[in-house]
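Okay, so here's the structure we're looking at.
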2 protein chains.
Amino acid sequence: MWSVSISHDKSYHHGNLRTVLIEVGIAMLQEEGVEALSLRMLAKRVGVSHNAPYMHFADKEALLAAIAEQGFLLLADHIQSALELTTPDEDWLVRFHRGCRAYVMFMFEHKAHAQVMFHYYDSAKYPDLSRASANTLYVLESWIQQGQAAGYVTPGESRRWTTLTWSLLHGIFVILNTKRTLPPLGDKPLDTLIHDHVSSLYLGLKPRPDEP
Amino acid sequence: MWSVSISHDKSYHHGNLRTVLIEVGIAMLQEEGVEALSLRMLAKRVGVSHNAPYMHFADKEALLAAIAEQGFLLLADHIQSALELTTPDEDWLVRFHRGCRAYVMFMFEHKAHAQVMFHYYDSAKYPDLSRASANTLYVLESWIQQGQAAGYVTPGESRRWTTLTWSLLHGIFVILNTKRTLPPLGDKPLDTLIHDHVSSLYLGLKPRPDEP
DNA sequence: CACTCTATATTGTCAGTGTCAATATTGAGT
DNA sequence: ACTCAATATTGACACTGACAATATAGAGTG
């Protein structure tokens, strides 16, 4: 699907521009933030005319949507990898906790993507982004369904538990990231914070008292 | 604290400009979104020169910070009001649920504020915003502490439960608002969605099995 | 090989935008 | 009546997103 040539020489036809624009765009998002990112500076930095990006993206928004799409694909992969690091008899709660940690850490380590993933995009306009986002949801849901199979989640409500979990994980990232929380939280390392928060949640996931 | 004159005639000195800029700014945020908001259009719409806003706000960001500040103040009020509609013997879980609902509904009904409340702002640059945000946190925390007094929340961890709750509520709003959730969720009315999600959470809040 | 055709990139242009500087207007306090 | 500081205006500049017209190159065809 992507073009093949990697090196972009000084030829008139870049050959790889779309991919490079996304890569450098991500770098600039990381360095300066969304509101500081301009297509013109991006073009200049890539070494291309100020209008070249418009061959590959209808819009500035379209570029951001492409980055968001990549974010969702990477996120789904990252979570799945984290879940797969497992022994066959591993307790589901342990896996649940590891997945949550993987989600939040991914966001902190990919702030460029995070900045554009949760804006509103017209799904008709960006079907690929829509698919990528739906794919992430499926990954999360199948994870929760494993919890149902293990008896940790009440059956028949996997979608509800999925959006609940997603909401919580996203919220944890945003609240911790804006750093408007007061000192007592700020002292602990990020890892501990994630662990503590998620622990609190999965108390609600434990089997009802009528099971040991 | 705010200036008193309400009507803004065609006098050279507006007398009320800061307040009006915030109000009209909120209206424009609601209509067109953050990225479409420009100080110049705002000034034109208020009927003032394109540089008048710079008397009251150092920056475009400063205006948005002022709106965010107002958002936190309103939010804290809204939640507190919702919590106070109560009979003295009301079960804390009922109050908890009502507060959560109030939070999410507030966000949906104040999307203008919501758009600017959770960006990163330099807290040294905007101490008022910082205070307002901290104030909201205190309101949430005292709410949770009532839950501790009622025996619903494990003692000594109110800050953790507070940020957990805040994270979840914020996440619910964002996830539901971006509408990238799949159809099965989209059918239910918002109210039911909030109820279902929060219900799932407060299973974790119930007293441990060693209490009836 | 020559030739066309299309994807790709460039140059030129324009209205809008954020922000600085310089200037004008006003009203409150002396 | 006069001063002065707060407030608003006009003017200017570089930068931005986006459109239109033009240039280039490389792949497919004869």
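Numbers restart at 1 for each chain; the letters A, B, ... are given by sequence-line order, proteins then strands.
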Whole Å only: how far is the [atom1] atom of [X] from the [atom2] atom of [N]?
{"X": "A/Arg18", "N": "C/dA7", "atom1": "CZ", "atom2": "P", "result": "16 Å"}
{"X": "B/Leu17", "N": "C/dT25", "atom1": "CG", "atom2": "C1'", "result": "15 Å"}
{"X": "A/His56", "N": "D/dA18", "atom1": "NE2", "atom2": "P", "result": "16 Å"}
{"X": "A/Asn16", "N": "C/dT8", "atom1": "CG", "atom2": "C1'", "result": "14 Å"}

Q) Looking at residues at least two apart in the chain, or sitting in another chain, which of them share a salt bridge (charged side-chain N to carboxylate O under 4.0 Å, His left out) with A/Arg40? A)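 Residues passing salt bridge (charged side-chain N to carboxylate O under 4.0 Å, His left out) with A/Arg40: none at all.
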Q. Who passes salt bridge (charged side-chain N to carboxylate O under 4.0 Å, His left out) against A/Asp77, sequence neighbours left out?
A.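 Partners of A/Asp77 by the salt bridge (charged side-chain N to carboxylate O under 4.0 Å, His left out) criterion come out as none, since no residue qualifies.
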Q: Not counting sequence neighbours, which residues clear side chain to side chain contact (heavy atoms under 4.5 Å, CB included) with A/Ser167? List them please.
A: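 If we apply the side chain to side chain contact (heavy atoms under 4.5 Å, CB included) test to A/Ser167, skipping adjacent residues, the hits are B/Leu168, B/Ile172, B/Ile175.
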Q: Could you pull out all residues at least two apart from B/Leu64 that satisfy side chain to side chain contact (heavy atoms under 4.5 Å, CB included)?
A: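 Per chain and number, B/Leu64 pairs via side chain to side chain contact (heavy atoms under 4.5 Å, CB included) with B/Val34, B/Leu37, B/Val116, B/Tyr121.
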Q.
Let's see if you get this right: which residues in residues 48-55 of chain B place a heavy atom under 4.0 Å from DNA chain D?
A.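 The stretch gives B/Val48, B/Ser49, B/His50, B/Asn51, B/Ala52, B/Met55 as the residues lying under 4.0 Å from the strand, ordered by number.
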Could you write out each protein N or O paired with an N or O of nucleotides 3-5 of chain D at a distance under 3.5 Å?
none

Q) Does any residue of residues 58-68 of chain B have a heavy atom under 4.0 Å from DNA chain C, and if so, which ones, in number order? A)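 By residue number: B/Asp59, B/Lys60.
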Q: Give me the residues of residues 34-42 of chain A where at least one heavy atom lies under 4.0 Å from an atom of DNA chain C, by number, or none.
A: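 Per residue number, the list reads A/Arg40.
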Heavy atoms only: give me the nearest [X]-[Y] pair and the separation to one decimal.
{"X": "B/Gln70", "Y": "B/Ile26", "result": "OE1-CD1, 3.0 Å"}
{"X": "B/Ala62", "Y": "B/Ala58", "result": "CB-N, 3.9 Å"}
{"X": "B/His78", "Y": "B/Ala102", "result": "CD2-O, 3.4 Å"}

Q.
Can you tell me how the ring of B/Trp166 sits relative to the ring of B/Phe118, calling it parallel under 30°, perpendicular over 60° and tilted otherwise?
A.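 Rings of B/Trp166 and B/Phe118: perpendicular, over 60°.
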**Q.** Residues which pass ring pair (Phe, Tyr, Trp, His ring centres under 6.0 Å) with B/His113, listed by chain and number, not counting sequence neighbours
**A.**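 For B/His113 the ring pair (Phe, Tyr, Trp, His ring centres under 6.0 Å) partners, ignoring immediate neighbours, are B/His110.
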Q) For B/Asp128, what residues pass the side chain to side chain donor-acceptor pair (under 3.5 Å) criterion, not counting sequence neighbours? A)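 Here the qualifying residues are B/Arg131.
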Q: Scan for salt bridge (charged side-chain N to carboxylate O under 4.0 Å, His left out) pairs involving residues 94-112 of chain A, sequence neighbours excluded, and state none if there are none.
A: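 For residues 94-112 of chain A: A/Glu90-A/Arg95, A/Glu90-A/Arg98, A/Arg101-A/Asp191.
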Q: Determine, stepwise, if the pair B/Trp143 / B/Cys100 fulfils side chain to side chain contact (heavy atoms under 4.5 Å, CB included).
A: CA-CA 11 Å; B/Trp143 172 29; B/Cys100 289; 3.9 Å; yes
What pairs of donor and acceptor atoms, side-chain ones from residues 45-55 of chain B against any protein atom, are under 3.5 angstrom apart with sequence neighbours left out?
from	atom 1	to	atom 2	distance (Å)
B/Arg45	NH1	B/Glu31	OE1	3.0
B/Arg45	NH2	B/Glu31	OE2	3.2
B/Ser49	OG	B/Asn51	N	3.4
B/Ser49	OG	B/Ala52	N	3.4

